[in-house]
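All remarks here apply to the structure that follows.
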Amino acid sequence: MAGKKAARLPRKEYEQELLRLQTELVKLQEWVRASGTRLVVVFEGRDAAGKGGTIKRVAEHLNPRVARIAALPKPTERERTQWYFQRYVEHLPAAGEIVLFDRSWYNRAGVEHVMGFCTKEEHQLFLRQCPIFERMLIEAGVLVRKYWFSVSDTEQQERFRRRLEDPLRRWKLSPMDLESITHWEAYSRAKDEMMVHTDISEAPWYVVESDDKRRARLNMIAHLLSSLPYHEVPPPVLELPERPPSTGYERPPRDLQTYVPDHAATI
C-alpha cells in the first residue's frame with residue numbers, strides 16, 4: 001500500500017468481512033472438489049509477517065481432507081541428498097484438493113541462502129530451476145498463487161517482543177527468528193533477487209502489506225478469491241431421517257466405564 005499508512009481496521013468490521021470471505025472460501029472449496037481442480041497457495045515472508053495467522057483464517061472452516069496445510073520441518077539427512085524440489089512434490093495436491101504451503105521451496109531463496117545453509121551454487125541453481133518447476137506445475141494444470149507478506153522492521157520487532165512475553169505464543173519464536181533481526185538487509189537483498197528471478201507471468205508474486213494483520217488477512221483472501229474462476233456448486237439434497245423405534249437396547253451401567261472428571265464444575 002503506497003502513500004499514507006492506513007489506520008488499523010476495527011475488529012467489528014474485520015470480523016464481519018472475514019466471515020463473508022470465509023463463506024466464499026467454502027464455496028471455493030466445493031468448486032475445487034467438484035471440478036477436480038488442483039490449487040497451490042504459497043505463503044512466504046519474513047518471520048512474524050502474519051503468514052500463519054492468515055493460513056489459520058483461510059483453513060478455519062474448510063474440510064481438512066480437501067484443504068491441507070503443508071508446513072515442512074527442516075530436511076532430513078536423506079532429503080538433503082535429493083533433488084531440492086523433490087520433498088515438496090509429494091505434498092502437491094491431487095484432483096479436488098487445495099494445499100496451503102506455510103513456507104515452501106522458497107526457503108532456499110531466503111533463510112537457507114542468508115544463513116548459509118546452502119552453497120552459492122545451490123542458491124543459483126534454485127533461482128534458475130524454480131521458474132521451470134513452477135511452469136511445469138502450471139502446464140500440468142495446477143493453479144499456483146504466491147503471496148509475499150511484507151512487514152516493517154519496527155512491527156516485526158514489536159511482534160517478537162509480544163511473543164517473548166506471551167506463554168501461549170512463545171513457541172512461535174526460535175533463536176533463528178531472533179537472529180533474523182541482525183540480517184534484515186541481507187534478507188531484503190535475498191528477497192529482491194528472488195523476485196527478479198521468480199516473479200514470472202505464469203505465477204506472479206503478490207505482495208501483501210501486513211503491518212495490520214486484519215487488513216492483510218482480508219486483502220489476501222479477497223485477492224485469492226478474485227483470482228479464481230470458482231462458482232457456487234449446489235449442495236446435495238439431504239434430509240434428516242426419522243429415528244427408528246427402539247429394539248430393546250439398554251445402555252450399560254455408568255460405573256462400568258471410566259468418565260473424564262467434571263473439571264468444568266470446579267470453575
Side-chain angles (χ1 to χ4, degrees), residues 6 8-45 48-73 88 90-104 137 141-151 159 162-163 166 168-169 171-172 203 205-241 264:
R8 292 190 183 273
L9 192 66
R11 178 174 295 276
K12 182 179 179 180
E13 286 84 344
Y14 162 72
E15 291 179 346
Q16 289 176 342
E17 180 61 7
L18 178 62
L19 181 59
R20 187 189 73 80
L21 292 173
Q22 288 177 325
T23 302
E24 291 300 312
L25 284 171
V26 173
K27 295 178 185 177
L28 170 65
Q29 167 191 265
E30 294 308 302
W31 171 77
V32 166
R33 180 161 55 180
S35 63
T37 297
R38 291 171 290 169
L39 174 61
V40 166
V41 187
V42 171
F43 294 77
E44 290 287 348
K51 303 179 297 298
T54 304
I55 292 170
K56 182 185 297 184
R57 272 67 181 186
V58 170
E60 186 173 8
H61 298 290
L62 301 184
N63 183 343
R65 293 181 178 86
V66 176
R68 294 185 283 110
I69 299 172
L72 277 62
Y88 294 99
E90 64 179 288
H91 294 277
L92 293 173
E97 293 181 348
I98 302 169
V99 177
L100 311 173
F101 276 96
D102 186 354
R103 295 199 180 278
S104 65
L137 295 181
V142 179
L143 300 180
V144 178
R145 298 293 182 272
K146 303 185 307 195
Y147 293 95
W148 177 270
F149 284 71
S150 178
V151 65
R159 290 177 185 176
R162 290 199 297 266
R163 288 181 181 183
D166 186 346
L168 296 180
R169 295 191 294 172
W171 64 269
K172 291 186 175 183
W205 277 106
Y206 296 104
V207 178
V208 182
E209 293 284 0
S210 61
D211 273 12
D212 182 345
K213 289 183 178 181
R214 295 173 186 170
R215 288 182 184 275
R217 293 165 186 168
L218 298 184
N219 292 342
M220 180 269 149
I221 297 172
H223 180 272
L224 175 65
L225 291 167
S226 70
S227 75
L228 296 167
Y230 78 99
H231 55 80
E232 187 167 4
V233 176
V237 178
L238 302 175
E239 292 185 5
L240 190 66

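Numbering of residues begins at 1 and proceeds along the displayed sequence.
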- request: Apply the test side chain to side chain contact (heavy atoms under 4.5 Å, CB included) to residues Val26 and Leu62: give CA-CA distance (whole Å), side-chain angles for both, the deciding distance (0.1 Å), then the verdict.
  value: CA-CA 6 Å; Val26 173; Leu62 301 184; 4.1 Å; yes
message: Can you list everything that forms a ring pair (Phe, Tyr, Trp, His ring centres under 6.0 Å) with Trp205? Sequence neighbours excluded, please.
response: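 In terms of ring pair (Phe, Tyr, Trp, His ring centres under 6.0 Å), with neighbours along the sequence ignored, Trp205 is linked to Tyr106.
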- prompt: Quick one: ring pair (Phe, Tyr, Trp, His ring centres under 6.0 Å) partners of His223, sequence neighbours excluded?
  reply: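 Testing His223 for ring pair (Phe, Tyr, Trp, His ring centres under 6.0 Å), a comparison that skips the adjacent residues, returns Tyr147, Tyr206.
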Of all heavy-atom pairs between [X] and [Y], which one has the smallest distance, and what is that distance?
{"X": "Arg159", "Y": "Ser210", "answer": "NH2-O, 2.6 Å"}
{"X": "Arg68", "Y": "Leu92", "answer": "NH2-O, 3.5 Å"}
{"X": "Lys51", "Y": "Phe149", "answer": "CG-CD1, 4.0 Å"}
{"X": "Glu97", "Y": "Ala94", "answer": "OE1-N, 2.8 Å"}
{"X": "Pro93", "Y": "Val40", "answer": "CD-CG2, 3.4 Å"}

Hey, can you pull the donor-acceptor pairs under 3.5 Å for the side chains in residues 18-25, sequence neighbours left out?
unit_1 : atom_1 : unit_2 : atom_2 : d
Arg20  : NE     : Glu17  : OE1    : 3.0
Arg20  : NE     : Glu17  : OE2    : 3.2
Arg20  : NH2    : Glu17  : OE2    : 2.7
Gln22  : OE1    : His61  : NE2    : 3.4
Gln22  : NE2    : Arg57  : O      : 2.9
Gln22  : NE2    : Glu60  : OE1    : 2.9
Thr23  : OG1    : Leu19  : O      : 2.8
Glu24  : OE1    : Tyr230 : OH     : 2.5
Glu24  : OE2    : Lys27  : NZ     : 3.0

Could you measure the distance from the [atom1] atom of [X] to the [atom2] atom of [Y]? Nearest 0.5 Å is fine.
{"X": "Leu100", "Y": "Leu224", "atom1": "CG", "atom2": "CG", "value": "8.5 Å"}
{"X": "Gln29", "Y": "Thr37", "atom1": "CD", "atom2": "OG1", "value": "12.5 Å"}
{"X": "Leu28", "Y": "Leu39", "atom1": "CG", "atom2": "CG", "value": "6.5 Å"}
{"X": "Thr54", "Y": "Lys56", "atom1": "OG1", "atom2": "NZ", "value": "10.5 Å"}

query: Residues in salt bridge (charged side-chain N to carboxylate O under 4.0 Å, His left out) with Arg65, at least two apart?
result: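 With sequence neighbours excluded, Arg65 shows a salt bridge (charged side-chain N to carboxylate O under 4.0 Å, His left out) to no residue whatsoever.
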query: Backbone N or O of Arg162 within a donor-acceptor pair of the Asp166 side chain at under 3.5 Å?
result: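 Checked: no pair found.
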task: Could you tell me whether a side-chain N or O of Asp212 sits under 3.5 Å from a main-chain N or O of Leu9, the two making a donor and an acceptor?
output: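 Yes, the answer is positive, given that a donor and an acceptor are paired below the 3.5 Å cut-off.
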task: State, with a plain yes or no, whether a side-chain heavy atom of Arg8 is found less than 4.5 Å away from one of Arg214.
output: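 Side-chain contact under 4.5 Å: no.
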Pairwise side-chain contact, Asp211 with Val151, heavy-atom cut-off 4.5 Å (strictly under):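 Of all side-chain heavy-atom pairs linking Val151 with Asp211, at least one is under 4.5 Å.
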message: I'd like to check the side-chain hydrogen bond (donor to acceptor under 3.5 Å, both in side chains) partners of Arg145; sequence neighbours left out, ordered by chain and number.
response: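 Applying side-chain hydrogen bond (donor to acceptor under 3.5 Å, both in side chains) to Arg145 gives Ser227.
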Of all pairs that satisfy salt bridge (charged side-chain N to carboxylate O under 4.0 Å, His left out), the ones with a partner from residues 33-45, not counting sequence neighbours: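 Listed by first then second residue: Glu30-Arg33, Glu44-Arg103.
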